[in-house]
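Reading through the structure tokens given below for one structure.
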Amino acid sequence: MTSFATWNVNSLRVRLPQLVQWLAANPIDVIALQETKLTDAEFPRAEIEAIGYSAAFAGQKTYNGVATLARSPLHDVITELPGGGDPQRRLLAATVDGVRVVNLYVPNGQTVGSDKYAYKLAWLAACETYLRDELAQHRRLLVMGDFNIAPEDRDVHDPKAWEGAVLVSAAEREALRRLFALGLSDLYRRFDQPPQTFSWWDYRQGAYRRNSGLRIDLILGSAAIAADCAFCRIDREPRAWERPSDHAPCTAGFDIS
DNA sequence: ATGGTGGGCAGCCCA
């Protein structure tokens with residue numbers, strides 16, 4: 001079994017002890033991290049190597065930042081969407097053990113109609129073009145990260161309250177559907193799952209305690225790797241730890257022959 | 001309640 005995970009840690013500096021704890025308890029081969037909020041110079045490489053992982057990272061000061069940790073070497077690393085021009089560090093691709101792994105931190109979008117929302121949709125369109133190319137080159141492709149989009153109403157604790165809002169709006173879901181249409185499937189939905197399972201809960205108003213969450217952290221797989229997927233789950237336990245990230249880690253396991 | 005909480009960095013930005 002080879003296991004891949006994704007986790008928006010909301011500051012790797014703050015969450016490093018929790019990451020180390022979680023990796024000690026879970027046999028993870030590759031983990032994609034988002035919102036590291038560290039420059040590359042500040043990346044805790046020694047601490048990561050000490051627990052047996054190599055790392056590739058694309059960081060920036062204060063905001064965003066992605067990193068991919070792996071027990072095997074990371075090859076052919078890409079740190080931005082082709083064409084460049086975006087100073088925000090939101091994408092990191094690497095090949096590990098024959099699997100192309102794309103780590104995404106999709107823009108939040110703030111509110112429908114805002115400049116940040118337009119940036120989100122433009123970013124997703126550029127990402128679609130990029131992923132089409134990656135799919136043409138790699139039979140086994142995983143795209144995982146914080147998509148900042150709940151794919152369907154069943155991924156939303158209160159669809160009526162959220163109707164039309166950012167993270168669930170029709171244009172965002174359509175952009176995500178276009179990624180699926182490339183030949184990527186939401187691995188979580190390949191299995192029976194308990195209802196009302198989410199990956200993110202707002203820090204405010206006791207959202208986690210009330211399970212007022214959304215499933216916005218996803219693992220997408222190309223057909224070849226999806227066929228080998230044995231499980232996909234969300235581990236909500238770390239969200240209940242002291243001083244948690246607002247996101248839970250999501251894991252997919254594969255029988256890769 | 002155009003609030004609420006948390007991270008980062010210095011009175012706001014961003015989620």
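Every chain is numbered from 1, with letters handed out A, B, ... down the list of sequences.
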Which ones in residues 208-219 of chain A lie close to DNA chain B, meaning a heavy atom under 4.0 Å from one of its atoms?
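Output list: empty, so none.
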
In residues 155-173 of chain A, what residues come within less than 4.0 Å of DNA chain B, judged by heavy atoms?
none

How far, in whole Å, is [M] from [N] if one measures between their [atom1] atoms?
N      : M      : atom1 : answer
B:dA15 : B:dC9  : P     : 15 Å
B:dG4  : B:dC14 : C1'   : 15 Å
B:dC12 : B:dG3  : P     : 15 Å

Per-pair distances, 0.1 Å, donor-acceptor, side chain in residues 42-49 of chain A, under 3.5 Å, sequence neighbours excluded:
unit_1 : atom_1 : unit_2 : atom_2 : d
A:E42  : OE1    : A:T39  : N      : 2.9
A:E42  : OE1    : A:T39  : OG1    : 3.0

Just jot down the salt bridge (charged side-chain N to carboxylate O under 4.0 Å, His left out) partners of [X], sequence neighbours excluded, or say none.
X      : value
A:R236 : none
A:R139 : none
A:D228 : A:R140
A:D86  : none

Taking side-chain hydrogen bond (donor to acceptor under 3.5 Å, both in side chains) as the definition, give me every residue that meets it alongside [X], ordered by chain and number, with sequence neighbours left out.
X      : answer
A:E237 : A:W241
A:S185 : none
A:D29  : none
A:D40  : none

Side-chain (A:S54) to main-chain (A:A70) donor-acceptor, under 3.5 angstrom
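Side chain of A:S54 to backbone of A:A70: a pair is present.
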
In whole angstroms, how far is the P atom of B:dC14 from the CG atom of A:N64?
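Interatomic distance, CG of A:N64 to P of B:dC14: 10 Å.
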
Where protein sits on nucleotides 5-13 of chain B, one letter per nucleotide: B base, S sugar-phosphate only, - none, heavy atoms under 4.0 Å
BSSSS---B

